[in-house]
Amino acid sequence: MQTNVTKEAKLLKVGVLGCGSIGQAAHLESCSKARNIELTAICDVADDLRVKMAAIYDPCKTYHDYAAMLEDPEIHAVVIGISDEFHVSCAKAAIQAGKHVFVEKPLGVSVDECLELKELVDKSGLTLQVGFMKRFDGALQYAKAFLRGPIGEITTYKGWYCDNVGRKTVTANVMPMLYSSDKMRLPKEDARAVRERYNLMAHGSHLFDTARFLAGDIISIEAKYAQKRGLHSWLVACEFEGGVIGSLDLTVSIVQDWQEGAQIYGTGGTVFARMYNPWEFRAATVECYDGATHLSHSPYVADGQFYRRQLEAFADTVLHGVPSDAATVDDGIASVRAMIATYRAVHQKGRRIDLKDVEGGM
Ligand SMILES: NC(=O)c1ccc[n+]([C@@H]2O[C@H](COP(=O)([O-])OP(=O)(O)OC[C@H]3O[C@@H](n4cnc5c(N)ncnc54)[C@H](O)[C@@H]3O)[C@@H](O)[C@H]2O)c1
């Protein structure tokens, strides 16, 4: 049978670990449609789920056992889409087996385990990319290029990420039907049970990574947190490298439409970015004002499928050495540090936390 997808001559042979929500909503289809990837294998301990996904996505082979998939010499890279608690151990096993790794965000749940992974990655020479897909939003990439040029020196970064009460309605409409199984491998403790930690890890990771992507490294954090009847809100004051000051707002879930964006002030211009619920697959609306020409520039980006675009960039890097905007293991560690610092700053009553001193977990 034929499809509407055109593949390049050289394809990265990928095994996807995890046929759960993110596998079904993003990775399996993205690997199938990516111009430079072959969906060589899928792996999940939940046999019913794996069989169902194999029927839909038609990989060359399937594995119940992750170790067996890692032994397969035909597979060059793995895409890891499983619970946060399992990321580091599965990524380590893949690196030890000589496979390139794409691993979902957050990189891990503690700084220490992430540093162990980094040591292995650095020694291996293999590529490890963290799944911060917003870096592959073409409009944000345009903004980043502008920030390197006409904007001059940056003084201020304001970022906000407010998940909303209607999100599940929207995602249920736009995602494929999601299957689950009582045979899925899940951590002993349900991460969602402790909302403060869960929201920081699941949503805060995007807020911090986008801030770092656009404004550079975060040096220190002070934070305040309020929670009322399931509405969780953090205000974070941060200091970036180069003397940039910043404020970040993470709120889950506001009683309004999804609100996500950034405003950046520079000596030569200003950037405003509005992002959307990622499952709408819509590139950000970006306005870059150049003070020298008195003109605003707003890119139009048709391809908002950043989940696929991040995997195509991963494959380009592995196959052809093409550098990309991807989050590296160091970026993954930096965002884990920022989340833990935020958690500690709140629990230590507004104390300023230097990110370089952050060890352990929440
Ligand atoms: N980037 C994004 O926008 C985004 C969105 C949602 C989720 N995520 C991330 O995706 C990750 C996965 O989330 P999810 O909700 O899809 O998880 P999930 O629990 O729904 O699915 C994980 C699947 O992996 C399987 N699995 C786990 N360990 C395994 C092993 N060792 N061997 C074989 N199978 C194994 C489980 O059986 C399960 O079916 C999380 O880290 C989450 O933060 C990212």
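Atoms within a ligand are numbered from 1 in the order they appear, just like the ligands themselves. This chain uses plain numbering: 1 for the first residue, then up along the sequence.
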Starting from [atom], which protein heavy atom do you reach first, and at what distance in Å?
{"atom": "atom 44 (C) of ligand 1", "answer": "Glu104 OE1, 3.1 Å"}
{"atom": "atom 35 (C) of ligand 1", "answer": "Leu17 CD1, 4.0 Å"}
{"atom": "atom 12 (C) of ligand 1", "answer": "Ile82 O, 3.3 Å"}
{"atom": "atom 39 (O) of ligand 1", "answer": "Asp44 OD2, 2.7 Å"}
{"atom": "atom 20 (O) of ligand 1", "answer": "Ser21 N, 3.2 Å"}
{"atom": "atom 18 (P) of ligand 1", "answer": "Met184 CE, 3.9 Å"}

Under 3.5 Å: N/O of [X] near N/O of ligand 1:
{"X": "His87", "value": "yes"}
{"X": "Ile22", "value": "yes"}
{"X": "Val45", "value": "yes"}
{"X": "Lys105", "value": "yes"}
{"X": "Tyr66", "value": "no"}

- Message: Working to the nearest 0.5 angstrom, can you tell me the gap between Lys224 NZ and Ser233 OG?
- Response: 12.5 Å
- Item | Spacing of NE2 belonging to His76 relative to CG belonging to Leu126, to within rounding of 0.5 Å | 11.5 Å
List every atom of ligand 1 that sits less than 4.0 Å from any heavy atom of [X], numbering the atoms from 1 in the order shown and giving each element.
{"X": "Gly18", "result": "23 (C), 24 (O)"}
{"X": "Tyr307", "result": "1 (N), 2 (C), 3 (O)"}
{"X": "Met133", "result": "1 (N), 3 (O)"}
{"X": "Gly81", "result": "12 (C), 22 (C)"}
{"X": "Gly20", "result": "16 (O), 20 (O), 21 (O), 23 (C), 39 (O)"}
{"X": "His206", "result": "1 (N), 2 (C), 3 (O)"}
{"X": "Leu186", "result": "19 (O)"}
{"X": "Asp84", "result": "40 (C), 41 (O), 42 (C), 43 (O)"}

- Which option out of Arg192, Arg185, Gln310 puts a heavy atom nearest to atom 37 (O) of ligand 1? Arg185
- Is atom 3 (O) of ligand 1 less than 4.0 angstrom from some protein heavy atom? yes
- Task: Indicate, with yes or no, if the rings of His27 and Phe102 have centres closer together than 6.0 Å.
- Result: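 Judged by ring-centre distance (under 6.0 Å), His27 and Phe102 do meet the cut-off.
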- Query: Taking the six-membered ring for Trp, is the centroid-to-centroid distance between Trp279 and Tyr307 below 6.0 Å?
  - Reply: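 So the answer is yes for these two rings.
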- Message: For Gln348, give me all partners under side chain to side chain contact (heavy atoms under 4.5 Å, CB included), at least two apart in sequence or on another chain.
- Response: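 Side chain to side chain contact (heavy atoms under 4.5 Å, CB included) check on Gln348 returns Arg344, Arg351, Ile353.
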- Item | Student check: side-chain heavy atoms of Thr40 and Val14 closer than 4.5 Å |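 With C-beta onward as the side chain, the pair stays apart.
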- 4.5 Å side-chain heavy-atom contact, Lys105 and His87: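 In short, these two side chains do not touch, never coming nearer than 4.5 Å.
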Where [X] and [Y] come nearest, the two heavy atoms and their spacing:
{"X": "Phe132", "Y": "Ser205", "result": "CE2-O, 3.3 Å"}
{"X": "Val286", "Y": "Ala139", "result": "CG2-O, 3.6 Å"}
{"X": "Arg50", "Y": "Cys19", "result": "CA-SG, 4.3 Å"}

- Query: Does a salt bridge link Asp316 with Arg35, judged by any charged N lying under 4.0 Å from a carboxylate O?
  - Reply: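 Judged by the 4.0 Å cut-off on N to carboxylate O distance, Asp316 and Arg35 do form a salt bridge.
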- Is it true that Lys13 and Glu38 make a salt bridge, defined as a side-chain N closer than 4.0 Å to a carboxylate O?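 Counted as a salt bridge, because a side-chain N and a carboxylate O are separated by less than 4.0 Å.
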- Item | Sole candidate of Phe240, Phe213, Phe208 that passes ring pair (Phe, Tyr, Trp, His ring centres under 6.0 Å) when paired with Tyr157 | Phe240
- Which one holds for Phe132 and ligand 1: side chain close, backbone close, both close, or neither close, with close meaning a heavy atom under 4.0 Å?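 For Phe132, no heavy atom sits under 4.0 Å from ligand 1.
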- Message: At under 4.0 Å between heavy atoms, is it the side chain or the backbone of Leu49 that contacts ligand 1, or both, or neither?
- Response: side chain
- Message: Applying side-chain hydrogen bond (donor to acceptor under 3.5 Å, both in side chains), can you list everything that pairs with Arg135, at least two apart in sequence or on another chain?
- Response: Asp209
